[in-house]
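Reading through the structure tokens given below for one structure.
A, B, ... follow the sequence lines: proteins, then strands. Residue 1 opens every chain. What's counted below: heavy atoms across the whole structure, side chains too, no hydrogens, waters or symmetry copies.
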Amino acid sequence: MKVNIHLNKRVAVIGAGMTQFRRRILETPQEIAWEASSKALEEAGLELKDIECVVIGSAPDAFDGVNLKGEYLSHGSGGIRKPSSRVFVGGATGVMAAITGWYHVASGMCNTVLVVAEEKMSPARPHPQSVFRYIWDPILEKPLNPNLIWIFAMEMHRYMATYGIKKEEIALVSVKNKRNAANNPYAQLGGNITVDDVLNSEVLVWPVQLLDISPVSDGGAAMVMASEDVARRYSDTPIWVDGVGWTLDNTEWPARDLAYPRYLEFAARMAYKMAGIENPYKELDVIEPYDPFDYKELHHIEGLRIAKRGEAPKLLKEGVFDIDGDIPSSPSGGLLGVGNPIAAAGLMKVISIYWQLKGTAGKMQVKKPVHTGLAQAWGDLMQASTVIIMRN
Amino acid sequence: MSWEKEGKEGSLLKWYDIMEAEKYEYTVGPAGERFFQGLKENKIVGSKCKKCGKVYLPPRIYCEDCFTKIEEYVELKLDDAYLDSFTTIYQNDDGQKLTEPVHIGLLRFKGVNGGLFCYLEGTPKKGGRIRVSNFNYPLRISIE
Ligand SMILES: [Zn+2]
């Protein structure tokens with residue numbers, strides 16, 4: 001391990017669990033959290049009494065429609081009568097929950113942490129999009145009634161214009177991720193689609209079309225993290241967290257460079273430094289960049305400095321990011337294929353890398369041997385990014 | 001310094017708006033469905049952990065201590081019911097006096113985890129047998 005900062009404890013992931021990601025799940029948010037949590041404990045071989053602290057990740061309260069959602073979810077997350085806390089950085093929450101679990105252990109405070117992320121997007125009417133209605137500046141932006149689709153359409157268009165990227169190049173992300181998701185037993189929207197299917201799908205807000213976007217989903221994900229001594233006792237294949245990074249950029253949309261995710265570059269640099277990674281393209285074996293929209297996966301691959309600015313589409317076309325490529329990207333199927341219950345989707349990405357490094361990803365397992373993986377999420381007012389690097 | 005004291009209404013620049021979703025549709029979940037189905041049959045249903053024997057009201061599909069799945073549903077007996085606490089409300093949320101005060105009771109059952117808030121009819125008192133006059137949620141109860 002080449003960690004560059006002082007840590008009290010080395011941290012491993014020793015178990016993970018997920019619910020199915022689905023359009024409308026019957027179970028309550030607490031029950032969704034419990035299902036994921038109990039599966040994670042089972043995989044780790046621990047019981048709830050062995051868990052010292054609980055970290056809960058959940059995005060806006062307004063999705064599930066319960067205020068103080070961290071407290072509400074603690075019941076199903078095993079957090080009752082334990083030091084429990086909730087983290088929230090919008091879409092970046094899922095990976096931030098894992099990072100928070102990591103520093104609970106790395107600091108020496110706890111030996112075992114249960115990290116739980118849950119989102120139920122289905123209760124809000126008329127559409128969960130309305131939950132985002134008030135994340136904008138109330139005076140300068142809100143009067144134009146921004147929504148997440150048109151604001152990202154703006155970013156996608158700038159990205160395309162800056163580097164001369166075509167829609168058909170971006171559509172390949174959707175094709176790849178939905179194809180990968182067909183191998184994922186938890187996925188909502190796996191399947192074989194073509195670039196033409198994406199280009200012929202309904203135009204929502206130009207240049208964003210229906211198949212450019214991840215679906216609205218309910219779901220939960222959970223992970224058990226432990227200090228080295230505990231991890232070695234319970235697992236023959238602990239997966240080590242070797243680097244974490246997170247950054248917040250300016251929330252002011254008109255003031256940001258839309259072609260390049262600077263917030264992510266900073267978060268990635270922090271994580272690479274900690275993990276001792278100098279050349280991410282050469283040193284990373286498998287990645288899960290955040291992909292609520294297809295162009296975002298490419299945008300993020302560039303922010304992660306795996307591809308030069310504007311060159312991720314070229315590598316994608318060459319097959320570098322395919323399941324049998326040099327750096328398989330979103331082998332889980334990503335948010336585009338598995339579904340997007342916000343915080344749970346971010347933690348799902350971390351779990352995907354954990355299973356890949358452990359070699360238990362089943363039909364999702366990438367073809368080449370993998371030793372270093374990265375998961376990333378993005379959110380808040382679209383300017384927060386979180387990165388985690390793991391090794392086996 | 002607060003502008004309420006210093007400023008004049010109309011001379012300040014303000015922006016008015018409302019927040020978020022219009023309404024919510026919540027699912028009650030599998031245990032919730034058993035509970036509400038029970039109420040339709042004038043029954044109060046809890047769920048019982050196989051591992052530690054704890055009974056939960058309202059029923060849950062998992063035990064918060066053992067974290068195991070609960071599959072057994074049990075009908076709770078009114079003989080075991082008691083009023084854990086009650087209160088009487090004289091004002092509404094806006095601070096206006098109610099024409100009739102409202103009594104709220106916390107209904108619990110011996111040996112059962114949890115309970116239900118109910119409307120309490122008649123004069124609240126300690127002890128006494130619980131009677132349920134209306135099983136539609138929220139329940140209406142009285143003490144004999
Ligand atoms: Zn129990």
Side-chain angles (χ1 to χ4, degrees), chain A residues 24-42 46-51 60-67 74-82 114 120-143 145 218 222, chain B residues 3 7 10-39 45-73 93 108 112-117 137:
Chain A
R24 297 204 76 189
I25 289 183
L26 169 70
E27 277 75 9
T28 65
Q30 294 171 329
E31 290 166 347
I32 292 172
W34 167 76
E35 187 185 329
S37 304
S38 58
K39 283 178 173 171
L41 286 170
E42 196 184 327
L46 297 183
E47 290 186 34
L48 183 57
K49 65 174 170 51
D50 304 319
I51 294 293
D61 285 342
F63 279 135
D64 297 59
V66 179
N67 248 320
S74 63
H75 196 284
S77 307
I80 302 289
R81 294 180 290 276
K82 285 188 164 61
L114 179 60
K120 196 165 185 188
M121 310 275 286
S122 55
R125 296 287 176 279
H127 191 277
Q129 186 68 248
S130 57
V131 166
F132 297 115
R133 204 178 280 162
Y134 297 90
I135 62 177
W136 321 97
D137 185 289
I139 297 164
L140 300 174
E141 293 167 353
K142 176 59 184 54
N145 202 25
D218 297 348
Chain B
W3 56 262
S11 69
L12 293 159
L13 275 175
K14 286 185 242 168
W15 204 271
Y16 296 95
D17 216 323
I18 52 152
M19 289 270 297
E20 298 181 345
E22 285 164 26
K23 59 174 182 175
Y24 283 90
E25 246 176 69
Y26 299 97
T27 58
V28 297
E33 289 189 357
R34 297 293 288 258
F35 174 69
F36 285 102
Q37 189 56 41
L39 293 183
V45 172
S47 69
K48 185 174 179 180
C49 173
K50 195 165 59 184
K51 197 169 172 191
C52 70
K54 209 168 280 164
V55 177
Y56 288 95
L57 174 69
R60 297 197 167 272
I61 64 165
Y62 57 88
C63 174
E64 68 179 50
D65 290 328
C66 307
F67 232 46
T68 45
K69 185 166 183 143
I70 298 183
E71 277 156 316
E72 188 186 347
Y73 290 87
D93 289 353
R108 283 191 172 164
V112 171
N113 269 261
L116 298 172
F117 285 126
Y137 197 82

Could you please state which residues from residues 58-66 of chain B sit under 4.5 angstrom from chain A, measuring non-hydrogen atom to non-hydrogen atom, sorted by number, or 'none'? B/R60, B/I61, B/Y62, B/E64, B/D65

In terms of heavy-atom pairs under 4.5 Å, which option from [options] contacts chain B the most?
options	result
A/E31, A/R24, A/E27	A/E31
A/P29, A/S37, A/G76	A/G76
A/K49, A/Q30, A/H127	A/Q30

Donor-acceptor contact below 3.5 Å, side chain B/Y24 vs main chain A/V66: no

Heavy-atom distances under 4.5 Å only: say whether [X] touches chain B with side chain, backbone, both or neither.
X	result
A/S77	backbone
A/L26	both
A/L41	side chain
A/E47	side chain

Distance-minimising heavy-atom pair for A/T28 and B/V28: CG2-O, 3.4 Å

For atom OH of B/Y26, is the number of surrounding heavy atoms from other residues, nucleotides or ligands below 6.0 Å larger than 12? yes

Check side chain to side chain contact (heavy atoms under 4.5 Å, CB included) between [X] and all other residues, then give those that pass, not counting sequence neighbours.
X	result
B/E71	B/K69
B/T27	A/K120
B/K48	B/V55, B/E72, B/V74

